[in-house]
Every structure is written in structure tokens, then in C-alpha cells.
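Heads up: numbering here begins at 1 and tracks the sequence. Start at 1 and go down the list; that is how both ligands and their atoms are numbered. Source: prediction; values computed, not measured. What's counted below: heavy atoms across the whole structure, side chains too, no hydrogens, waters or symmetry copies.
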Amino acid sequence: MIDQIETNLYKLELPLPENPLRSINCYLIKGPERFLLIDTGMNRKECLKEIHGDLRRLGVDLNNTDFFITHLHADHIGLVSKLATGNSRIYFNKIEAEHVKRQGFWKLAHPASLANGFPEKEINRFLEEHPSRCYGPRADIVFLLCANGDDIKIGDYSLSCIETPGHSPGHMCLYDANKKILFSGDHLLGDITPNISALGIWNNENPLMDYFRSLDRIYTLDVGMVLPGHGGLFNDHRQRIREIKRHHQMRLDEVVSMLKDRRSLTPYETASRMTWDINGKWTDFPVAQKWFATGEALAHLIFLRKRGIVNKEMLGGGWHYSHTSSRDTIKSGAEHDGM
Ligand SMILES: [Zn+2]
């Protein structure tokens with residue numbers, strides 16, 4: 001589905017079958033000589049068919065098209081190896097480009113999931129169907145690496161790369177200061193809270209802290225319109241940032257209070273007791289949702305541990321977290337001065 005947002009700027013909404021996100025937004029900018037496509041959809045036939053149709057209708061020649069990929073997840077990068085030609089530049093961040101080259105990085109999630117309390121039967125089944133395994137890109141993509149502050153010019157758009165780690169370790173947004181437009185990828189979404197997970201595959205030590213810092217970086221920008229990776233466009237990015245921070249503050253409070261009542265919990269057990277926007281009991285959650293929830297619980301536990309509020313110890317082959325009774329007040333750092 002194509003929506004024209006402004007002159008030479010279009011939103012292409014592609015279906016994500018069997019995925020709770022339902023669809024992904026890619027954005028096309030037309031320049032006088034070249035086109036820029038921001039994100040691509042999953043490497044699966046439904047996305048390919050839809051985007052080929054959309055690009056044809058918009059008169060886009062893939063031989064003259066460059067790509068900017070906000071982050072590594074399969075719904076954003078998956079199709080790039082099917083769409084890019086020998087003439088394409090593919091802008092991407094360094095840290096995640098290395099993961100694409102290595103492929104199979106998701107296998108590292110297996111031992112990490114077990115160590116964080118995930119039952120082996122469930123994790124085996126989930127990793128068989130992991131989207132990065134099924135719908136990711138090929139390994140041999142040649143990327144043009146970009147970093148914070150780099151500019152990409154296309155027609156009358158002048159886009160600055162902004163590093164926003166948290167949802168993924170190398171996540172990047174694009175910002176046009178003149179037009180006050182932010183392409184936010186999955187860093188800032190209007191309809192759902194981006195998943196912040198610490199499960200498995202990354203070296204970054206405290207993704208929730210990274211995420212808060214990245215929210216602060218975006219908060220200071222003058223933004224008139226946010227174009228997110230999923231869901232509808234929205235305007236007030238500062239209000240949304242405050243809402244998302246409040247959400248994480250509530251999660252942190254919830255985790256602390258549940259640990260105060262018990263000796264210790266694994267991240268999986270913590271996740272099973274947290275409040276989620278999914279109908280039904282934890283035991284009925286699809287295994288993918290349990291995996292994302294456990295990763296999110298772990299991100300919150302790591303954040304609290306770095307603040308000295310919880311302890312971590314290895315018990316019976318798995319990590320257990322407990323409350324540090326000497327610290328009763330939460331200084332989470334989630335609060336923003338402007339809140
Ligand atoms: Zn996404």
C-alpha cells in the first residue's frame with residue numbers, strides 16, 4: 001500500500017504474515033537522478049511481491065536506487081539482497097554489518113536463553129523458526145558504512161544519520177533538520193513500545209540504559225513529523241518519549257517489587273510474572289512472545305543490577321536475580337528532565 005506523505009516522499013506498507021506487528025513501513029524518497037529506499041521488508045515472497053508492485057507503480061528503477069537500513073532485524077533488512085543491484089549503495093551501521101557477515105549469529109541466543117531460565121524444549125522450537133534465520137538477508141552484501149552525523153543527500157532531502165542503540169545495538173534514525181522529519185525505524189513507535197531485549201546475541205552490556213540515552217538524543221531534536229518502522233505517523237515525539245520512559249519506569253518498579261517478595265528469580269520467571277499486553281496466561285503465550293518478554297525482563301534486570309538494586313548469581317546452571325535489600329529507592333534514570 002502506497003501513501004504519499006510529501007512531494008517525492010512515500011510510505012510503502014508491506015505485510016508481515018503470521019507476525020503480531022502485521023506490517024512494516026518502508027519509505028521511498030525520489031531524487032532527480034536516484035531513489036532512496038529506507039528499510040525493505042522481510043525476505044519472504046509476500047513482501048517481495050508487494051514492494052515490486054509498489055515500486056513499479058511509483059516508476060522506481062532499482063538500477064538507480066540506494067538503500068538505508070535502520071537496523072538488523074529481518075523485517076527491516078531482509079529483502080535488501082533481493083532488491084539491490086550492482087549500482088546500489090546500501091547504507092548501514094558498522095556493528096550490525098559484522099553480524100550480517102557472520103550469519104547464524106542467532107545461534108548464540110541458544111546458550112544465553114538457557115542460562116536465563118528458558119526451558120530447552122521451548123527455545124529449540126523457537127530458534128528453528130527465528131525470523132533472522134528464515135527471512136534475513138544473504139551474508140555477502142557490500143555495505144556503505146555510516147556513523148552518527150554522516151549526511152545522505154537525495155533531491156531536496158538532507159538526511160543526518162543518528163545513532164540510537166537500544167532496540168538493537170547499531171540502530172540508526174535519519175533526520176532532516178530543514179523539513180523537521182524523523183525516520184525513526186523501531187527506535188520510536190507511536191502505537192507500541194519498542195522491544196528492548198538483552199537476550200543472547202549482543203555484547204552491549206546495558207541495552208535499556210543505551211535506549212534511554214538514545215531517547216534523550218532524539219528528545220532534543222526539532223521534529224514536526226515522525227515516520228516510524230511500524231504503525232501510523234505521529235507528531236509529538238517528546239510526548240511519546242515521555243510515555244515510553246514512564247512505561248519502562250513502571251516495568252522497573254514492577255520487577256523490583258516482585259524481587260522484594262522472593263528469594264530470587266530467573267529472567268524467564270521474572271517475565272512470566274510481569275504484566276504484558278497479551279491476552280491470556282503466560283503458559284498460553286506463543287513461544288516467540290515468551291522469548292521477547294524474557295529478553296525484555298533481562299534488560300530491566302541488567303539495568304537494575306548496574307544501579308546496585310539487584311544481585312545476580314549462578315544457581316543450578318542458570319542466572320538468578322535477587323533484591324539488594326540495602327537499596328530501597330529506585331534511581332532508575334528513566335526520568336527525563338522534561339517529564
Ligand atoms: Zn521492526
Please verify the inter-ring angle class for [X] with [Y]; under 30° counts as parallel, over 60° as perpendicular, anything in between as tilted.
| X | Y | value |
| --- | --- | --- |
| Tyr211 | His248 | perpendicular |
| His171 | His187 | tilted |
| His76 | His230 | perpendicular |

(request) State yes or no: are the ring centers of Phe212 and Phe303 separated by less than 6.0 Å? (result) yes
(message) Just to verify, what does Pro119 make a side chain to side chain contact (heavy atoms under 4.5 Å, CB included) with, not counting sequence neighbours?
(response)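 Only Glu122, Tyr268 meet the side chain to side chain contact (heavy atoms under 4.5 Å, CB included) criterion with Pro119.
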(message) Go through it in stages, so that I can follow the logic: the residues are Asp151 and Ser160, the test is side chain to side chain donor-acceptor pair (under 3.5 Å), and I'd like the CA-CA distance, side-chain angles, deciding distance and then a yes or no.
(response) CA-CA 5 Å; Asp151 286 324; Ser160 286; 2.9 Å; yes
(request) Sort by chain and number the protein N/O/S atoms found under 2.8 Å from the Zn ion (ligand 1). (result) Asp75 OD2, His76 NE2, Asp186 OD2, His230 NE2
